[in-house]
Amino acid sequence: MEKIIGGVKRDCYPLTSAQMVHIYTLSLSDSAEIVNIGTGQYLRLDINIAALREALNRAVERCESMRLRLWKDPETGEMWQYVMPYENQYFEYYDFSDWQEDKVHEVLNKWTSQPFDTFSGPLSRIVIVSLPGGYNGYYFNVHHCCMDSGSVISFAKDVMDIYCYLMHGLPYPKPMTSYIESVKKDLEYAESKRYLKDTEYWHNKLKDPEPMYTDFTGQGRLMTLRKINNNPEQKWGLLYSSTGDGNTVTYRLDVDSTKKIIDFAEKYDVPVSAVILHAIRTVLAKFNNNEQDVTIKNFVSRRSTVLQKKCGGVRMHCLPLRTIIPMETTVLDSMRIIKEEQQQMFMHADYPTMKLYPEMRETYKHAPGGVYESIGFTYQPATTKSLLPYLKGIDTKSVWYSSGKQAQPMYITAMHRQSDGGLNFYFGYQTELANEKEIEFLYYFIGRVLFRSIENPEKTLQEIIDMT
């Protein structure tokens with residue numbers, strides 16, 4: 001639909017269901033930076049700054065969602081999005097090479113805490129940066145309505161592919177796909193037969209008995225709520241931060257350990273994500289008196305086609321992954337149960353998050369803000385093509401910075417490094433609900449359960465827990 005914005009006619013489109021999740025987050029927060037994604041992509045080698053600046057410009061030109069603007073109609077309150085024409089940018093350069101590492105980290109976290117004006121002006125910022133230790137690259141801050149983690153990775157790969165074309169004569173990367181075309185397909189979904197099938201699937205799920213809340217710190221919060229509400233049978237929890245203050249901690253898994261996970265997944269025909277989810281849910285079960293009914297908020301990227309993989313934008317839907325697995329179940333059977341539930345979820349993952357969760361509240365009659373999941377999870381898979389062969393042997397850093405705010409109480413992202421394929425685990429958490437020692441303990445336990453499980457696939461969950 002054409003709209004006149006600032007005296008200029010623009011082709012505008014409604015916001016998608018994935019974007020509305022972040023608009024909802026903004027409506028609950030007094031801090032707009034809660035929807036910022038701050039990252040840094042660095043290589044331990046000398047960088048030609050002019051070539052990197054050119055590569056960044058070309059990547060922005062090729063990626064429509066990097067030029068996205070949001071607009072709210074002052075008369076109707078309706079929200080729209082449109083793509084600005086490309087204009088060449090001069091990306092600033094900051095040399096922090098003589099600084100202390102922690103001081104640089106402090107500055108870049110502060111940059112990430114600078115909010116964008118959601119409905120007016122640019123929604124991203126890029127700065128070329130030199131770090132201590134010979135690392136060079138760029139810092140990137142973007143509004144979550146424009147990109148998710150999959151888009152950030154895709155953009156970073158495009159930048160490096162173009163840079164290597166400019167500097168080393170490697171093949172020029174294939175074009176990105178159209179973000180606007182992906183938006184059009186998303187908007188058609190509400191009128192499709194697929195929407196009706198997805199509605200039927202999730203409404204059937206809501207016929208199941210009420211789930212059980214499992215907290216990543218144990219049963220204490222639920223027990224307290226039961227006393228407050230004088231309801232010893234209460235099943236929903238309440239994870240609430242008055243400020244949304246948050247932090248991010250990164251744990252780096254070595255290549256050999258990552259390979260063990262991948263080899264196990266291939267041998268037994270289970271997804272890597274199911275292997276990791278098995279470990280997370282088993283830890284949640286252990287921390288909650290061996291509870292067999294565990295729900296994890298699964299963030300689904302919805303990028304199964306070429307258009308979706310290379311269009312940028314935000315395509316994440318967050319949906320409840322509920323599994324009821326007795327402690328007598330073997331590791332392999334646990335993973336296969338998770339695999340089956342995941343496959344069903346992926347088939348129906350276009351169902352809007354902002355429809356499902358209100359329907360859950362209406363069905364189970366829990367209080368506003370009530371939840372059954374204490375942990376959100378997403379996995380960014382790697383393929384041979386997604387790894388960058390020209391980075392082999394080069395030290396890299398992929399850093400995710402904190403805006404000082406977190407929308408989720410606890411959010412784990414497992415992501416492969418583009419240089420060597422090893423896994424990084426990013427723990428984003430609200431500091432009112434957890435501290436760094438608790439996060440370290442949680443990661444340690446997840447790792448213990450994960451590797452005990454792949455070493456002993458025929459043992460039961462109870463036996464694995466007893467071994468840890």
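For clarity, every value in this text was computed on a predicted model and none was experimentally measured. Numbers here simply count residues along the sequence, with the first being 1.
- Not one N or O on the side chain of Q41 forms a donor-acceptor pair closer than 3.5 Å with the backbone of A156.
- Checked against salt bridge (charged side-chain N to carboxylate O under 4.0 Å, His left out), E33 has no partners two or more places apart in sequence or in another chain.
- With sequence neighbours left out, Y429 forms a ring pair (Phe, Tyr, Trp, His ring centres under 6.0 Å) with no residue at all.
- In this view, T25 satisfies the side-chain hydrogen bond (donor to acceptor under 3.5 Å, both in side chains) rule with no residue, not counting sequence neighbours.
- In this view, K197 satisfies the salt bridge (charged side-chain N to carboxylate O under 4.0 Å, His left out) rule with no residue, not counting sequence neighbours.
- For F299, the ring pair (Phe, Tyr, Trp, His ring centres under 6.0 Å) test picks out Y411, with sequence neighbours left out.
- In terms of the ring pair (Phe, Tyr, Trp, His ring centres under 6.0 Å) criterion, residue partners of Y364 (sequence neighbours excluded) are, by chain and number, Y372.
- No hydrogens or angles considered: nothing links the side chains of N109 and S402 as a donor-acceptor pair under 3.5 Å.
- Taking the six-membered ring where the residue is Trp, Y251 and F427 present perpendicular rings, their angle passing 60° and hence far from 30°.
- Ion pairing between R302 and D186 holds under the 4.0 Å rule for side-chain N and carboxylate O.
- Residues forming a side-chain hydrogen bond (donor to acceptor under 3.5 Å, both in side chains) with E359 (at least two apart in sequence, or on another chain): H203, Y351.
- A donor atom on one side chain and an acceptor atom on the other are not found under 3.5 Å apart for T217 and E438.
- With sequence neighbours left out, E188 forms a side-chain hydrogen bond (donor to acceptor under 3.5 Å, both in side chains) with no residue at all.
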>> Could you walk me through whether W236 and Y213 satisfy the side-chain contact (heavy atoms from CB on, under 4.5 Å) test, starting with their C-alpha distance in whole Å, then the side-chain angles of each, then the deciding distance to 0.1 Å, before giving a yes or no?
In response: CA-CA 5 Å; W236 54 268; Y213 173 74; 5.5 Å; no
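- With hydrogens and angles left out, the side-chain atoms of R417 and S398 include no donor and acceptor closer than 3.5 Å.
- By the 4.0 Å N-to-carboxylate-O rule, D161 lies close enough to K157 to be salt-bridged with it.
- For H143, the ring pair (Phe, Tyr, Trp, His ring centres under 6.0 Å) test picks out no residue, with sequence neighbours left out.
- Residues satisfying the salt bridge (charged side-chain N to carboxylate O under 4.0 Å, His left out) criterion with K397, sequence neighbours excluded, are E101.
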Expected list for residues 443-456: side-chain donor-acceptor pairs under 3.5 angstrom, two or more places apart:
from	atom 1	to	atom 2	distance (Å)
S453	OG	H278	NE2	2.8
S453	OG	V449	O	2.7
N456	ND2	R452	O	2.9

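- Screening residues 15-36 for ring-ring contact (aromatic ring centres under 6.0 Å, His included), with sequence neighbours left out, gives H22-H144.
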